[in-house]
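Numbering of residues begins at 1 and proceeds along the displayed sequence.
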Amino acid sequence: MTDPVGKLPSELDQLPDRDPEETAEWAASLDAVTKAAGPHRAAYLMRRSLQHAEGAGLALPKLLETDYVNTIPTAAEPAFDGDLEMESRITAWNRWNAAAMVTRGARYGVGGHIATFASAAWLYETGFNHFFRGKEGDGSGDQLYIQGHASPGIYARAFLDGRLTEQHLDNFRQESGGEGLPSYPHPRRLPWLWEFPTVSMGLGPLSAIYQARFNRYLANRNIKDTADSHVWAFLGDGEMDEPESTAALALASREQLDNLTFVINCNLQRLDGPVRANFRVVQELEAQFRGAGWNVVKTLWGNAWDELFQLDTQGALLRRLREVPDAQFQTYATRDVAYIREHFFGAEPALVELAKLLTDAKIAECFYTSRGGHEARKVYAAYKAAVEHKGAPTVILAQTVKGYTLGKGFESKNANHQMKKLSIDEFKGMRELLGLPIPDSAFEDGLVPYGHPGADSPEVRYLQERRAALGGPAPARRVHAVALPQPEERAFKALYKGSGKQEMATTMAFVRLVKDLMRDKETGKRWVPIVPDEARTFGMESLFPSAGIYSPLGQTYDPVDRDQLMYYKEAKDGQILNEGITEAGAMADFIAASTSYATHGEAMIPFYIFYSMFGWQRTGDQMWQLADQLGKGFIVGATAGRTTLTGEGLQHADGHSHLIAATNPASLNYDPAFAYEVAVIVKDGLRRMYGPEAENVFYYLTVYNEPKPQPAMPEGVEEGIVKGLYRFKEGTPAKADAPRLQLLASGTAIHWALQAQDLLAADWGVTADVWSATSWGELRRDALEADEALLRGEQQVPYVTQALSGAPGPVLAVSDWMRQVPDQISQWVEQDWSSLGTDGFGLSDTRDAARRHFGVDAQSIVVASLAQLAKRGEVPASAIKEARERYGL
């Protein structure tokens, strides 16, 4: 609907106008400019006016896109704090050795990536020479999230400064001998160098945001002064397609994380071709980050473009740059100057005239090589602006050419991500371009040589002096003593004694335990509770007023439930990280907290509690990132199992997380049945992860929301709980020759097994022993170690075999998980083996109905037990049919 003069209604029409005549004059002026000088001039004036208003602090919407030019013009660049010629030589050596390493490795077919570092070399070198703080100075140093595909360049630099040898470089991607270099940043594989695994794209930027946030968390809780720690995340423009890459941008701006800088290498190419073939990825990213509240610095053009912009008196060049899609610009970098004159400058008469003023050499320089990301002064200016900006995180959009300096066979080619080597002639051409003193005789053996100016050369001395001034080598990981004192026994004893007649779910038992542990004088402050917005579901609301929910702003409002005992309390020094609805964000929190012992020298004890279905299934890639980064802590899958979460249905019914968790070597997976088992496991976990001989593992515990009376802990079961199996309740034979079997159950399934034990005895004269299988995974891990020992000629009997040795009758395992979960240990059980489980899709119903549906309830266990005994001839086969009819199965 329009108003009487045909103007579309606007939200501005709803605002009072105290001087309509003045408003009309402004509009008339704009109309006049449009008519006299054209719409481009009018648009220019509007953009400049908005930019001026923003700089003056007026409350106006920000421009989401600026012109396709550098944010910092050449005239405004700060003085370069270094020897540019020396740094150019250092960068040349690193470019050469990165390419040589991958090319030499191609002999063995191990692969590698050359083009990424070639485009980003100055982005890294400028940081290493001027900005990245090391770990040997005061504080924790900076945290560097290196783009995975750029790892050869980082290795090349470590070779130049003496931290790696030629042998190391020749073992790139060949790790099995013990002297190799991992393909990408893998702390578990190279723990003295790499700090953060980043090659699983999207997880690096997400983790960097939460790392910067965790740095502030440590400072606000007075655990560690992190004021001098800056987080740098190096990313590719193609990587920004991953949803995790941009999932937490608003968090970073909302919490004013000016200790964070993203450096996005905009070489306009992803793995198969252009990132935005028909569009402009730089402009898209600028709008995305500006809209999220970030400070944006565009570093697009090198100094060669200055002449073109000065000659562009009509704005035609800027207009053309705004409209040329990325794929076309990539093409310009590979075509001759005549093509560029025709297809770029030929777009409008003003550009044709501008091109007449330019030599072919100038056009070639601009379109082939001159990018902001390839010039140290431009990068230095951007980095300095980033670290000096306050109140918001910064993203630097640095434009480069993928494969830069590798020759025409590489530069800007769609396939360069898959290209793994250069020919000898291409290396000789690269040598000339970089000005390296490598003689032809060095190629006589048919291999490209590594280059090094010498350990006492000016280049190496300069590099080492720069790093010494910045606090030592980088990247680097430093392992600090993890050991924490064991908490007082009082918190554990509360669960050891059971709950009497009171019913308690194991979820609540875990929360109560941690609440008590958080009161410990020595280690209480080191607990980091993490939950994605459903703390009340897990009974954690009691922590709100006592521990507080972390917010860098504190609580700026009066909470609606302030008059209640367990009100929603936010605090600047709050201990709980209540992440909102983002499991990925919660996991990123967990990773930052779980590795604080290395990053900051402060051991923290995170526990992340979540719907078990939304852990390993939804964020499993981050679990591997956690393992790679050598994180420690407790991951808690609550409301676990396929039948305990009544009414929620298929997508909430987890019957398989233990199966996924079993694939991760660093994850110790437990499915406790009782509160005292939870206490024993947590206590042992604290010893293993934070004791004097700390291990690089983490725990996955599944706990249930099904209230049950919690028994007191029997004597002497601690070892069995930790190892994964112990006999909980021995059956009493009605007569000496009564048929007998062993029921193994984990988690909530032990209650069905105990019911089945009673039914078997009362209805069928069968004796069953009930075992609590606290960890199918740990039983399997132990058995695999025994198998490996046997191959070495050592005799070692698996614990599960020992525990069940001589136990009469067959073994029937049951759980609220798929049968494959208990079946993990079947080959090491000497008795006849069978299992029951919740295979298939979950469904909405009552617990009893769901268990009957899956055939895991007490009556189904009885029938399965009789079937196993009938196979052995210990009960008549007719007993199976009789039991089914009796129980209505």
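Under the 3.5 Å distance criterion, the side-chain polar atoms of Q211 are left unmatched by any main-chain donor or acceptor of S207. No donor-acceptor pair closer than 3.5 Å links the side chain of S551 to the backbone N or O of E570. With hydrogens and angles disregarded, no donor-acceptor distance shorter than 3.5 Å links the side chain of S657 to the backbone of M613. Judged by distance alone, the side chain of Q622 and the main-chain N or O of A584 form a donor-acceptor pair under 3.5 Å. The main-chain N or O of D228 is found under 3.5 Å from a side-chain atom of R133 such that the two form a donor-acceptor pair. When atom types are taken as modelled, the side chain of R188 and the backbone of A627 share a donor-acceptor pair closer than 3.5 angstrom. For the pair T226 (side chain) and N215 (backbone), a donor-acceptor distance under 3.5 Å is present. With hydrogens and angles disregarded, a donor-acceptor distance shorter than 3.5 Å links the side chain of S499 to the backbone of Q710. When atom types are taken as modelled, the side chain of R221 and the backbone of K525 share a donor-acceptor pair closer than 3.5 angstrom. Judged purely by atom type and a 3.5 angstrom limit, Q575 uses its side chain to pair as donor or acceptor with the backbone of G524.
Using a cutoff of 4.0 Å between basic side-chain nitrogens and carboxylate oxygens, E286 and R290 are scored as salt-bridged. Using a 4.0 Å cut-off between a side-chain N of Lys or Arg and a carboxylate O of Asp or Glu, D225 and R216 do not qualify as a salt bridge. Note on R478 versus E195: no salt bridge recorded, every NZ/NE/NH1/NH2 to OD/OE distance being 4.0 Å or above. By the 4.0 Å N-to-carboxylate-O rule, E695 lies close enough to R688 to be salt-bridged with it. The pair R687-E693 does not count as a salt bridge, with every side-chain nitrogen at least 4.0 angstrom from each carboxylate oxygen. The pair E583-R618 meets the salt-bridge criterion, since a charged nitrogen lies less than 4.0 angstrom from a carboxylate oxygen.
Within the model, atoms CG of L484 and CE of M604 stand 9.5 Å from one another, a figure rounded to the nearest 0.5 Å.
Side chains of D621 and S200: a donor on one and an acceptor on the other come within 3.5 Å. No side-chain donor-acceptor contact under 3.5 Å links T394 and W294. Looking at T774 and E677, their side chains never bring a donor and an acceptor atom within 3.5 Å of each other. For N705 and T507, the side-chain atoms include no donor-acceptor pair closer than 3.5 Å. In summary, the side chains of S775 and E778 do not present any donor paired with an acceptor at a separation below 3.5 Å, with no hydrogens or angles considered. Side-chain N/O atoms of Y608 and D589 include no donor and acceptor closer than 3.5 Å.
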Problem set entry | side chain to side chain contact (heavy atoms under 4.5 Å, CB included) evaluation trace for L686 with K683 | CA-CA 5 Å; L686 291 173; K683 181 180 178 182; 5.7 Å; no
For this session: Kindly indicate, with the supporting measurements, whether the criterion salt bridge (Lys or Arg N to Asp or Glu O under 4.0 Å) is fulfilled by D628 and R477.
Result: CA-CA 13 Å; D628 195 345; R477 181 177 182 271; over 6 Å; no
Exercise. Going through the checks in order, is the ring-ring contact (aromatic ring centres under 6.0 Å, His included) test met by F214 and H600?
Worked result: CA-CA 11 Å; F214 191 74; H600 291 294; 7.2 Å; no
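K632 forms a cation-pi arrangement with Y597, by the criterion of a distance under 6.0 Å to the ring centre and an angle within 45° of the ring axis. A cation-pi arrangement is absent between R213 and Y210, since the terminal nitrogen or guanidinium carbon is not both under 6.0 Å from the aromatic centre and inside a 45° cone about the axis.
A distance of 6.0 Å or more separates the ring centres of F132 and H230. A centroid separation of less than 6.0 Å is found between the aromatic rings of Y670 and Y699. Between Y700 and F698, the distance from one ring center to the other does not fall under 6.0 angstrom. Here W232 and F262 keep their ring centres 6.0 angstrom or further from each other. Here the two rings, on W817 and H658, have centers that are under 6.0 Å apart. Taking the six-membered ring for Trp, Y124 and Y145 have ring centres at least 6.0 Å apart.
Taking every heavy atom of both residues into account, V297 and A382 meet most closely at CG1-CB, 3.9 Å.
Of the options R847, K708, E706, a side-chain hydrogen bond (donor to acceptor under 3.5 Å, both in side chains) to T748 is made by E706 and by none of the others. Partner F634 forms a side chain to side chain contact (heavy atoms under 4.5 Å, CB included) with one of I530, I605, V514, L668 and no other, that one being I605.
With a 4.5 Å cut-off on side-chain heavy atoms, I635 and L701 do not count as touching.
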